[in-house]
Colleague: 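I have a structure here, written as structure tokens, and I will follow up with some questions on it.
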Protein chains: 2
Amino acid sequence: MPQTEEPARRATAAEVARRAGVSPAVVSYVVNGGPRNVAPGTAARVRDAVRDLGYRPNRAARALRRGSTGIVGLVIPRVANPFMAELSEAVQDAAARRGLAVLAAGSGNEPDVERELLQTLPRHGVDGLLVATVLGHADPPPGTAPGLPTVYLNAPFPVGGRCAVGPDATQGARLVVDHLLAVHGHRSVALVTGESGARRAGARELGWQQALAAYDAAPGPVVRVGWDRRGGSAAVAALLAGPQRPTAVFATSDAQALGVLHGLRAAGVRVPEDVAVVGFDGIEEAAYAAPPLTTAKQPVAAMAEAALDALERPGGPVEGHQVLGLDLVVRESCGCPAPPD
Amino acid sequence: MPQTEEPARRATAAEVARRAGVSPAVVSYVVNGGPRNVAPGTAARVRDAVRDLGYRPNRAARALRRGSTGIVGLVIPRVANPFMAELSEAVQDAAARRGLAVLAAGSGNEPDVERELLQTLPRHGVDGLLVATVLGHADPPPGTAPGLPTVYLNAPFPVGGRCAVGPDATQGARLVVDHLLAVHGHRSVALVTGESGARRAGARELGWQQALAAYDAAPGPVVRVGWDRRGGSAAVAALLAGPQRPTAVFATSDAQALGVLHGLRAAGVRVPEDVAVVGFDGIEEAAYAAPPLTTAKQPVAAMAEAALDALERPGGPVEGHQVLGLDLVVRESCGCPAPPD
DNA sequence: ATGAAAGCGCTAACAC
DNA sequence: GTGTTAGCGCTTTCAT
């Protein structure tokens with residue numbers, strides 16, 4: 001066992017100070033790089049002592065004293081929702097770059113649970129809160145602890161009186177639907193989207209309408225289902241039952257689009273030959289669908305950065321709505337050819 | 001604005017005490033239900049004051065005093081890994097039931113980052129650590145902070161000197177491969193698994209070998225690739241290139257299996273007609289693959305519960321390895337018929 | 001049954 | 001440039 005045995009009990013700043021022959025204040029100055037200067041020699045002695053003792057500042061004490069913990073809370077519907085998982089990862093990465101840790105909590109899509117999370121997370125001493133809802137952001141938004149910096153993430157619309165960042169959902173929707181119309185000549189494009197009432201559906205729905213309008217195409221059938229794969233799968237019956245079957249489908253989330261693909265396959269309908277399908281989100285899974293899904297990719301990394309920027313802004317996040325553009329990712333489900341090997 | 005305006009600054013125990021006409025000690029007794037008794041009338045007054053003031057104990061102060069935070073750390077490779085997302089969700093749910101919060105951090109599959117996380121997470125004041133690696137658990141395991149309760153999650157093998165809980169990976173692998181052999185009569189089953197050196201591959205590989213041996217079938221080709229979809233996809237070339245093409249493929253993760261499906265489709269090979277494919281993990285996505293994937297479902301909820309039980313055990317987690325069984329989930333990729341509608 | 005008071009470990013204002 | 005010291009808000013021992 002050549003390994004140096006670390007002390008079971010953690011060293012305190014006072015112990016470091018004693019060992020370095022200085023006062024605890026100086027230890028603090030050195031560890032935190034301020035607020036007062038320390039002579040180079042002294043600082044070196046302190047750093048040695050810190051190393052020798054394996055000293056790590058006690059987070060709780062620091063938090064108590066400073067009133068901040070270096071932890072941000074993240075409220076999402078479900079981590080197992082693939083898009084939310086990718087967004088979470090982006091948030092974690094961005095947070096890690098800033099020396100912040102992320103306390104994530106899933107609401108299970110339950111507004112009540114979400115409301116409760118907004119109460120309990122602050123109790124865990126988070127410095128700020130990132131709230132990403134699928135259900136759509138109610139107006140007024142559910143109250144977060146007053147005084148706790150909060151930014152709404154993945155918000156397609158402004159959130160009354162709050163700071164929000166999100167995708168330019170209308171632009172993204174227009175992008176994929178326009179592709180269907182312009183490149184593949186579709187004129188009957190169905191919409192598969194979330195339960196009505198969710199404001200989030202609105203922005204994507206609007207993009208679909210706008211794209212259609214630009215080509216003088218009448219809106220195809222609209223079917224409202226859950227935001228997940230199961231919802232998309234369930235939508236297929238309605239899609240196929242209508243008087244005239246649409247030639248293309250725009251699903252407002254990739255999960256729904258994947259469900260649509262699944263349902264279509266079970267029904268023996270070929271994609272893209274019989275019906276073209278496009279999604280929205282740009283999750284990794286979409287690239288591995290059969291056929292690979294054409295979709296609009298959300299700028300998750302940029303959204304995460306923007307949200308943390310807003311959260312860390314001195315003076316707190318400022319009311320407003322920052323939207324980021326999406327990119328079109330063309331694959332085969334729209335009817336485009338597979339890329340040459 | 002009928003809403004009661006909450007005070008911007010949080011109420012302290014002292015304020016509650018003043019309002020209830022008692023001492024801070026009594027507030028603590030009431031809030032924590034101990035360690036001393038309080039007269040019912042007094043307790044009621046305190047509870048009223050707590051409600052009126054919207055009092056929430058300051059976590060940092062409590063943590064400082066008690067030396068525990070109610071936060072457990074979770075180290076995973078990537079949240080965007082679908083299986084890890086489902087495992088995370090299970091951990092979060094189980095933790096929430098116990099009043100614990102989860103601080104999750106992804107290592108991006110980098111052993112160095114993981115080692116670093118094991119150092120930094122404790123600094124954030126977590127009470128315990130759950131470590132779930134894909135890379136396989138090195139022996140000896142990377143050192144966590146001494147004295148910090150740690151349990152290895154998703155560990156298919158015992159972790160030297162540590163507490164570990166994981167799937168009975170060998171049994172799970174046997175389950176799916178046996179299905180291929182017994183029900184569908186395959187005798188040439190290829191293995192798609194992770195980079196060699198990862199001990200985790202071993203358990204699943206062993207199950208494959210055992211199932212084959214039980215039927216006197218020779219081991220099919222083995223191809224080692226990354227644990228993700230891309231790995232599975234990349235494995236296809238090797239699978240198809242061999243002297244005699246296997247009639248079935250066992251991929252040791254669903255992600256790999258999904259990649260195999262993708263690669264096979266691109267190569268124009270039909271599943272299950274030309275080649276059967278089975279996976280391992282039981283992620284939601286598998287149900288929506290084309291064709292829907294037959295797989296072994298990991299008991300994520302039970303593993304999460306077991307891990308937290310171990311973590312919370314008075315006296316700390318105890319060395320050992322607890323394995324939980326998997327269930328066979330039969331779908332179409334093995335050659336079984338689609339369930340009647 | 002209740003209160004007074006010490007102190008968890010750290011930071012930063014203030015004194016030298 | 002460095003030391004002294006007063007708390008941050010809470011829990012809990014000890015005294016009443």
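Below, each value reflects all heavy atoms present in this structure, side chains not excepted, and no hydrogens, waters or symmetry copies. Chain identifiers are assigned alphabetically (A, B, ...) following the order of the sequence lines, protein sequences preceding nucleic acid strands; residue numbering begins at 1 within each chain. Bear in mind that the values here come from a model prediction, so they are computed numbers and not experimental data.
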Colleague: Taking only the side-chain heavy atoms of B/Pro57 (C-beta and beyond), determine which of D/dG1, C/dT11, D/dC10 contains the nearest atom.
Modeller: D/dC10
Colleague: Do the side chains of B/Ile76 and B/Leu153 get nearer than 4.5 Å, heavy atoms only?
Modeller: no
Colleague: Apply side-chain contact (heavy atoms from CB on, under 4.5 Å) to A/Ala39 and list each qualifying residue two or more places apart in sequence or on a separate chain.
Modeller: A/Thr42
Colleague: Could you state the CZ-P distance from B/Arg56 to D/dC8, rounded to the nearest angstrom?
Modeller: 22 Å
Colleague: Give one of base, sugar-phosphate or nothing for A/Ala13, where a contact means two heavy atoms less than 4.0 Å apart.
Modeller: sugar-phosphate
Colleague: Does the side chain of A/Arg78 come within less than 4.5 Å of A/Met84's, by heavy atoms?
Modeller: no
Colleague: Given that B/Pro24 and B/Arg66 both sit by DNA chain C, which one's nearest nucleotide is further toward the 5' end?
Modeller: B/Pro24
Colleague: Let me know the distance between OH of B/Tyr55 and C1' of D/dG9, rounded to the nearest Å.
Modeller: 7 Å
Colleague: Tell me, please, which residues at least two apart from B/Arg18 pass side-chain contact (heavy atoms from CB on, under 4.5 Å).
Modeller: B/Glu15
Colleague: Hey, does A/Val131 have a side-chain heavy atom less than 4.5 Å from the side chain of A/Val151?
Modeller: no
Colleague: How is A/Gly21 classified with respect to the nucleic acid when contacts are heavy atoms under 4.0 Å: base, sugar-phosphate, or nothing?
Modeller: sugar-phosphate
Colleague: Quick check for you: among D/dT12, D/dT4, D/dC10, whose closest atom lies nearest to any side-chain atom of A/Ser23?
Modeller: D/dT4
Colleague: Between B/Arg98 and B/Asp309, does at least one N-O distance fall below 4.0 Å, as a salt bridge requires?
Modeller: yes
Colleague: Which nucleotide, D/dT11, D/dT2, C/dG9, lies nearest any side-chain atom of A/Ala39?
Modeller: D/dT2
Colleague: For A/Ala94 versus A/Glu305, what's the shortest heavy-atom pair and its separation?
Modeller: CB-OE2, 3.7 Å
Colleague: What's A/Val27 touching, base or sugar-phosphate or nothing? Going by heavy atoms closer than 4.0 Å.
Modeller: nothing
Colleague: Nearest whole angstrom, please: distance from the P of C/dT2 to the CZ of B/Arg18.
Modeller: 19 Å
Colleague: How long is the line joining CG of A/Asn32 and P of C/dA12, in whole Å?
Modeller: 7 Å
Colleague: With a 4.5 Å limit on heavy-atom distance, are the side chains of B/Val46 and B/Val38 in contact?
Modeller: no
Colleague: Please report, rounded to the nearest Å, how far the P atom of C/dG9 is from the CZ atom of B/Arg62.
Modeller: 18 Å
Colleague: In whole angstroms, how far is the P atom of D/dT4 from the CZ atom of A/Arg36?
Modeller: 16 Å
Colleague: Of all the choices, D/dG9, D/dT2, D/dG7, which nucleotide is nearest to the side chain of A/Arg65 once you look at every atom?
Modeller: D/dG7
Colleague: Under 4.0 Å from OP1 or OP2 of D/dG1: is there any side-chain N or O of A/Thr42 that close?
Modeller: no
Colleague: Have a look at B/Ala25 and say if it touches a base, only the backbone sugar-phosphate, or nothing, with a 4.0 Å heavy-atom cut-off.
Modeller: base
Colleague: Quantified as the angle between the terminal helix axes (five pairs each), what is the overall bend of the helix from C/dA1-D/dT16 to C/dC16-D/dG1 to 10 degrees?
Modeller: 40°
Colleague: Looking only at side-chain atoms of A/Asn58, point me to the closest of C/dC10, D/dG9, D/dT2.
Modeller: C/dC10
Colleague: Just the rounded figure in Å: distance from P of D/dG7 to CG of B/Leu64.
Modeller: 17 Å
Colleague: Which of these nucleotides, C/dT2, D/dC8, D/dT4, is closest to any side-chain atom of B/Val38?
Modeller: C/dT2
Colleague: Measure distances between side-chain N and O atoms of B/Tyr29 and base N and O atoms of C/dG3, and say whether any donor-acceptor pair falls under 3.5 Å.
Modeller: yes
Colleague: Within this structure, what is the CG-to-P distance between B/Leu53 and D/dG9, rounded to whole angstrom?
Modeller: 14 Å
